Structure formats: structure tokens, C-alpha cells
Amino acid sequence: QLRAKLVKYEEISDRIEYEIAAFLNAVSAGDISEETSMKIKGAIFDMDGTLVDSLFFWGVFWRDLGERFLGKQDYAPPKEVDLKVRTMIFTDAMAYVRDALGITASTDEVVSFATENLSDFYRYRVKAKSGAYALLDHLKGMGIRMCVASATDKKYLPIALDACGLTPYFETVLSCAELGVGKDKPDIYLAALAALGTNASETCVFEDSFVALETAKKAGFHTVGIYDENNYEQERLCQASDLYLSEGVSLDEAIAYVEA
């Protein structure tokens, strides 16, 4: 019983530390110091969970996959499986899902199942995140070059960006599938630098995934972490962020931190 109380107190302590860090990263524009501001020439944006509110797709996907291939209602996978697939190349993710969950159908069948309704999902169900247009307008007005770098398959990116009216803001759109590696490696961010013509030290990466943002941080980028209720490990995302936009904070709050 004493051990249980100690564990509970430790959980509370960890949560308090996280909330303090989130608060300090979400201070008002009037409290921003010169050291806090980020002087940049380029900005790299993830799409799902960062620019657009689309990560609820995974909840729908797991439920439907459980019914189709596992004979289970309201299925939810182990946390480590759900976490891992979010930054993987889509086809690799489906192969991993098949093996990790012991699905007897072929990888092609799982991929076909996963993609059959994805276009409609992006076209009709996703919306831009709060404050996205204001932030992008501001960056564009300052002459900051911008691109999208996503783990989502390239063929789906224009559908979502067009549907949300975001396409005109970006010079190029990159997918991990084109490079053959996920965001646990810096390849897509380095490809984005080449496309933008900027250096890592003058470029900011906007991400909702702690895995991706830790990669960008190690590669020398400025980093902005974005809360999404459908994602894991907000503590680690906060730690990897030069600026962390916590729950309820819109994207345009980052405007005060950025200068060209």
C-alpha cells in the first residue's frame, strides 16, 4: 500500500513538472526574451496533427481493422504499435501492423484496406488546425520559405492540403515514402533544407510527434512542438521543443516567437 502511494505521488510530481514546462513554453508575447525568439529563414511543417486535425484517423482505422482482420469489436492495439506506425512510411507501417498483430491476410490486403477510404477521409473530414492560416500568412508575409515534410504517402498530401486551402503557402511537399526512411532519421528534414535553400540553424521544424521533433532537434533545427489530443508522450515533445504549444493554444501563438 505504501509503494502504491509512492508511485501515485511520483506520477503527480511528474505531471506538475510537465505542466510547469508547458506553461513556461506558452508564456505571452510580452514575456518573450531575445533568447526565446527564433530568427529563421525557413519553416518545415509536418501535416497530420500539426497543420491539419486528422490524427483521429487512427482511432477509426484500428476499430475497423479489428473488425475486418481480427474479429474484434472496438479494437485498440498495444500502445507501442499505435505509436510506432505514426512516423513510419505508410506501406511499411501496414506491413509492421500485419506482423505485430498476427494478421493472416497479406500485406497487400492490409494496405488496400487502409487506403480504400483514405482519400475521402482527407478530402471531406479534415480541417486546418486553429491558428494555421494566421501563422502561415504571417510567415509568408515575412518572406520565410515554407515546405511540408510528412510521413504520409505523397499521393494523399495534396488532397488534404487542397481541401484545407493550404497548398499556396508551400514551395514544395515532401514525403518520407520518397526517401525510404521515416522521421526517426533526419533525411526528410535535410531534403527539405535542400528544397528551401536554408541551413538547419535558420530553419524551424513544426511537429506534433516527439520522435520526429527529437530527430529535428538533434539535427540542429529550431523546434516547435504542437499538442494533439490523439498523440502520445507530450512530456517528451515538450522537452524537444524550443517552443511548445500546449493544449488549447492555437498555432498563431507562435507568431510572437518568430522573426525573419
Side-chain angles (χ1 to χ4, degrees), residues 43-70 72-77 81-83 85-98 105 107-137 139-140 146-178 182-183 188 206-209 212 226-232 245 247-252:
I44 301 169
F45 286 85
D46 173 52
M47 187 181 78
D48 296 290
T50 297
L51 284 171
V52 302
D53 186 12
S54 58
L55 289 183
F56 64 92
F57 163 77
W58 288 108
V60 176
F61 170 75
W62 294 125
R63 183 196 65 203
D64 293 348
L65 178 134
E67 292 179 3
R68 174 77 173 271
F69 295 110
L70 301 173
K72 298 180 179 180
Q73 301 290 322
D74 298 320
Y75 177 73
V81 175
D82 190 22
L83 174 62
V85 298
R86 294 174 184 238
T87 56
M88 294 177 70
I89 299 168
F90 192 71
T91 52
D92 291 348
M94 293 307 102
Y96 167 74
V97 165
R98 175 187 178 273
T107 298
D108 286 345
E109 287 179 88
V110 178
V111 170
S112 177
F113 161 79
T115 59
E116 62 185 6
N117 292 319
L118 198 52
S119 293
D120 284 345
F121 175 83
Y122 278 126
R123 185 172 287 114
Y124 301 118
R125 298 189 65 181
V126 302
K127 297 183 183 300
K129 279 206 159 182
S130 175
Y133 300 114
L135 173 60
L136 296 174
D137 281 333
L139 296 179
K140 187 175 182 179
M146 295 181 282
C147 74
V148 171
S150 174
T152 299
D153 194 287
K154 182 68 174 282
K155 64 185 176 183
Y156 298 114
L157 298 177
I159 298 173
L161 294 173
D162 286 347
C164 294
L166 297 173
T167 301
Y169 293 103
F170 301 105
E171 297 185 21
T172 190
V173 177
L174 302 173
S175 169
C176 290
E178 299 174 289
K183 288 185 175 179
I188 193 164
F206 294 76
E207 281 278 1
D208 65 296
S209 162
I226 298 165
Y227 173 86
D228 189 283
E229 65 180 350
N230 296 292
N231 228 333
Y232 295 107
L245 302 182
E247 183 176 6
V249 178
S250 62
L251 291 178
D252 56 348

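This is a predicted model, so every value here is computed, not measured. Residues: numbered from 1 along the sequence shown.
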For this session: Give the minimum heavy-atom separation between Tyr133 and Tyr169, together with the two atoms involved.
Result: O-OH, 4.0 Å

Problem set entry | Exam field: side chain Lys154 to backbone Val173, donor-acceptor pair closer than 3.5 Å | yes

Exercise. Within the distance-only criterion (no hydrogens, no angle test), does the side chain of Arg98 pair as donor or acceptor with the backbone N or O of Ala105 below 3.5 angstrom?
Worked result: yes

What's the separation between atom [atom1] in [X] and atom [atom2] in [Y], rounded to the nearest 0.5 Å?
X      : Y      : atom1 : atom2 : value
Tyr124 : Ile159 : OH    : CD1   : 10.0 Å
Phe61  : Arg68  : CZ    : CZ    : 11.0 Å
Leu70  : Trp62  : CG    : CH2   : 9.5 Å
Lys183 : Met88  : NZ    : CE    : 14.0 Å
Ile226 : Leu51  : CD1   : CG    : 7.0 Å
Arg125 : Phe56  : CZ    : CZ    : 4.5 Å

For this session: Pick out which of Leu157, Ile89, Val148 makes a side chain to side chain contact (heavy atoms under 4.5 Å, CB included) with Ser175.
Result: Leu157

Problem set entry | Tyr122 and Asp48 side chains, donor-acceptor separation under 3.5 Å | yes

Exercise. Angle class for the Phe45/Phe170 ring planes (parallel below 30°, perpendicular above 60°, tilted otherwise)?
Worked result: perpendicular

Problem set entry | Beyond-backbone contact of Glu67 with Gln73, side-chain heavy atoms, under 4.5 angstrom | yes

Problem set entry | Sole candidate of Asp228, Asp252, Asp53 that passes salt bridge (charged side-chain N to carboxylate O under 4.0 Å, His left out) when paired with Lys129 | Asp228

